[in-house]
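Structure, as structure tokens:
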Amino acid sequence: MRLVGRYKWAAGLVVLGITLPYWLLHDSFWLSVGTEALVYMAAASAWNILSGFGGQTSFGNSIFFGIGAYCVALLPVRHGWNPWLALLAGAVLAVVVSVVIGGLMFRARGIYFALGTFALTLILQILAEHYQWITGGDVGITSSAVSGGLAELYMSAAAYYYAALILVVIVVFVAHRVLHSTLGLSLRSVRDDERAAAACGVRIFKVKVVGFAITAGLTALAGGLYFEIVGFIDPTSAFGQTVATEIAVLAIVGGGGTLAGPIVGAVILVPLQQALGSGGLVALPNGLSLVIYGAIIVGILWWDPRGMVHLARAGRGLVVSRTRRSASEEDTRPSGASPSGAGHSMGPSQASPPESPPGRAPGLEGETAGSSLGEGDVRLGRENG
Amino acid sequence: MTAFIQVIVAGLLVGTVYGLFSSGLTVIFGVTRVVNFAHGDFVTLGMYAAVVLYSNYRLSPVIGIFPIVAGSFVLGYVLYRVIIQRTLKRGNVGGEEAQYGQLMLTLGLSTVIANALLLKFGPGPRSVQGVLGGVYNLGGVRVNESQLVAFVISGIAFAGLYLLVEKTYFGKAVRATVDDREMASMLGINIERVFAVAFGIGIALAGAAGAVLTTYFTVTPTVGEGFLVIAFVVVVMGGLGNIVGAMAAGLVAGVIQEVTATYVSLDLENAAIFAAFIIVLAFRPNGLFGRQVMS
């Protein structure tokens with residue numbers, strides 16, 4: 001019953017996504033907003049695999065986004081590749097790069113890893129601006145300049161929308177499979193307590209690298225598709241600060257670590273930003289739109305730092321009893337007394353047991369592990385310190 | 001040789017200012033564990049405040065720094081109490097689970113501040129012109145008066161911070177809170193107040209750095225992005241929470257930047273700092289100066 005119910009939701013969402021252009025996204029503005037939301041949804045869902053499930057928050061996924069975009073922009077022109085092949089090549093290159101970065105950066109934990117990946121993507125931005133003979137520098141690459149290769153790829157706006165939708169389905173499916181596999185369980189155990197996970201036999205480094213590689217490959221696909229849709233890429237829109245943080249913002253504000261979080265985040269925040277921005281519904285003075293957007297994000301996180309999914313859940317919790325919720329949830333976060341808040345100070349007792357059967361882990365294991373801990377959050381100060 | 005010394009001196013002069021706002025970021029992180037993505041924008045805010053004080057009241061940034069520091073402190077204190085405090089302790093949401101939410105919250109705050117400045121002042125560059133325009137020649141090494149003043153003021157402000165943390169009763173409470181929150185709380189330290197004051201001090205240091213920077217650095221609403229990234233790099237290189245480390249790493253960053261700009265390429269100056277940062281992270285994940293926190 002549970003499984004049927006869950007897939008009903010997924011099927012419903014897919015049907016909604018397919019039919020959306022016919023009853024809501026009539027004009028080209030909203031169709032392009034919808035397409036952009038889907039591309040970012042894919043990138044945010046991919047981010048979620050390493051950073052949400054595995055807790056290794058990355059602010060550098062624009063590295064892979066940019067690699068994907070530049071591969072699709074450059075390979076067809078310089079070497080006459082088929083654009084779809086270039087898309088795949090971007091994914092492969094991103095996986096290779098992620099393994100190198102992982103080897104370098106996974107010694108650093110928590111916020112150090114986040115800031116390290118952030119610095120890496122900014123280095124790539126600066127290098128892309130510096131080596132103009134490869135990237136075209138600040139001028140960027142437009143797909144009209146990319147003659148031949150992409151011309152055959154020319155599609156209608158609706159076709160781009162469906163291409164993005166297919167990508168989202170692929171990414172969310174992969175995320176779902178990962179979440180319910182041994183890898184997903186290992187990732188979550190690493191997130192909750194790295195030392196305890198290691199003690200239970202989880203090969204931490206390998207788990208992180210594999211998670212990172214999956215995230216990187218999928219993000220590169222999103223980046224490649226982004227270039228095909230928008231038709232323009234420059235160092236800032238590939239590797240810049242805004243892309244780097246946007247991917248993480250959508251996932252975290254939506255609800256990091258849950259399958260639904262990045263989807264909710266992209267569905268709500270991308271259209272919001274576009275509607276407020278220039279060319280949107282309202283003509284706001286320069287700057288005000290982002291003031292409002294930023295204030296909304298601050299407001300959401302002020303209300304619940306775990307994101308919108310938890311906001312919605314809190315509302316629903318008033319109606320549905322806790323036991324029923326924990327049985328029907330796709331949530332990977334422990335919904336009880338928040339054991340992950342206890343950090344390293346609580347010792348190995350609270351790790352998710354890696355040997356429990358993969359299929360039934362979400363929602364269940366957190367409830368039991370959390371109840372015995374109580375107020376973990378007070379000692380947080382010692383983490384990282 | 002004189003040319004090389006010139007480069008090093010220029011690096012040290014700008015590095016002191018980096019060290020100053022970075023020590024603000026490190027105080028905030030060390031005490032409250034909040035990673036403040038809006039830190040660079042508080043530097044920008046300090047810069048605009050100095051510009052306004054100068055253009056409206058003819059107040060030189062050397063004097064204007066006092067109201068700016070006071071205002072920044074109050075702003076930081078209030079922001080902490082109103083917005084951030086709530087996210088640190090809320091029902092059953094653990095701190096670590098909320099950490100990235102907090103981080104995104106400060107990122108949202110950064111968007112709000114930068115764009116509010118854009119709304120108010122427009123995208124064009126602003127600066128304080130006509131103060132501290134002198135150039136000194138010290139044995140062949142040219143030093144701008146404005147940079148020298150910024151250096152001295154940053155040094156004084158940093159010394160003040162150091163004495164505050166090391167020598168005062170409040171500093172003792174801060175260090176106790178950093179060491180062990182629970183125990184500090186049990187001993188009667190009002191840790192929420194310590195957090196709020198520490199946040200205020202961190203923002204005040206950012207404001208002070210902004211005020212001295214305006215004498216030789218033009219300001220636009222988005223300059224904060226650059227400062228933020230430099231501050232992150234400096235703070236991690238110095239060891240998160242280590243104020244002396246932050247100042248030392250600030251000097252290192254300034255020198256790396258100037259040397260790269262002179263001998264490699266101007267547009268790669270920040271790439272060199274970031275590369276140094278990656279190397280430090282990969283080989284000394286706890287910073288150049290180890291783990292010690294505020295002591």
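Given the structure is predicted, the values throughout are model-derived calculations rather than measurements. Any value given below was found using the heavy atoms of this structure, including those in side chains, with hydrogens, waters and symmetry copies removed. We name chains A, B, ... by the order of the sequence lines, and we start the count at 1 in each one.
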(request) Heavy-atom pairs under 4.5 Å with chain A are the metric here; pick the option from B/Asn115, B/Leu107, B/Val112 that has the most. (result) B/Asn115
(request) State whether the number of non-hydrogen atoms from other residues, nucleotides or ligands found under 6.0 Å of B/Phe283 atom CZ is greater than 12. (result) no
(request) Might you point out which heavy atoms bring A/Ala119 and B/Phe277 nearest each other, and give the distance in Å? (result) CB-CD2, 3.3 Å
(request) Using modelled atom types only, decide if a donor and an acceptor are shared between the side chain of A/Trp302 and the backbone of B/Leu105 within a distance under 3.5 Å. (result) no
(message) How close do B/Met104 and A/Ile297 get, counting heavy atoms only, and between which atoms?
(response) O-CG2, 4.1 Å
(request) Take B/Glu269 and A/Ile126, measure what side-chain contact (heavy atoms from CB on, under 4.5 Å) needs, and give me the verdict at the end. (result) CA-CA 9 Å; B/Glu269 59 173 19; A/Ile126 295 170; over 6 Å; no
(message) Less than 4.5 Å to any heavy atom of chain A: does that hold for the side chain of B/Ile230, its backbone, both, or neither?
(response) neither
(message) Rounded at 0.5 Å granularity, tell me how far CZ in B/Arg86 sits from CG in A/Leu301.
(response) 11.0 Å
(request) Output yes when a side-chain donor or acceptor of A/Arg306 lies under 3.5 Å from a complementary backbone atom of B/Gly101, and no otherwise. (result) no
(request) Compute the centroid of each ring, for B/Phe37 and then for A/Phe59, and state whether the two points are separated by less than 6.0 Å. (result) yes
(message) So which residue, A/Leu104, A/Ile296, A/Leu115, ends up with the most heavy-atom pairs under 4.5 Å with chain B?
(response) A/Leu115
(request) Pick one of side chain, backbone, both or neither for B/Val34, based on which atoms fall under 4.5 Å of a heavy atom in chain A. (result) neither
(message) For the NZ atom of B/Lys120 and the CG atom of A/Leu288, what is their distance to the nearest 0.5 Å?
(response) 14.0 Å
(message) Any non-hydrogen side-chain atom of B/Leu103 less than 4.5 Å from a side-chain atom of A/Ile111?
(response) yes
(request) Give the minimum heavy-atom separation between B/Ile278 and A/Met105, together with the two atoms involved. (result) CG2-SD, 4.1 Å
(message) Under a 3.5 Å distance rule, please check whether A/Arg107 uses its side chain to pair with a backbone N or O of B/Leu281 as donor and acceptor.
(response) no
(message) Could you measure the distance from the NE2 atom of A/His130 to the CG atom of B/Asp267? Nearest 0.5 Å is fine.
(response) 5.5 Å
(message) Run the side-chain contact (heavy atoms from CB on, under 4.5 Å) test on B/Ile83 and A/Val298 for me, step by step, so that the C-alpha distance in whole Å, both residues' side-chain angles and the decisive distance to 0.1 Å come before the verdict.
(response) CA-CA 8 Å; B/Ile83 296 181; A/Val298 169; 4.1 Å; yes
(request) Let me know if A/Ile252 has heavy atoms under 4.5 Å from chain B in its side chain, its backbone, both or neither. (result) side chain
(message) Using heavy-atom distances under 4.5 Å, tell me whether B/Ser110 contacts chain A through its side chain, its backbone, both, or neither.
(response) neither
(request) Give, as side chain, backbone, both or neither, the part of A/Phe118 having an atom under 4.5 angstrom from any heavy atom of chain B. (result) side chain
(message) Working to the nearest 0.5 angstrom, can you tell me the gap between B/Ile113 CD1 and A/Leu290 CG?
(response) 13.5 Å
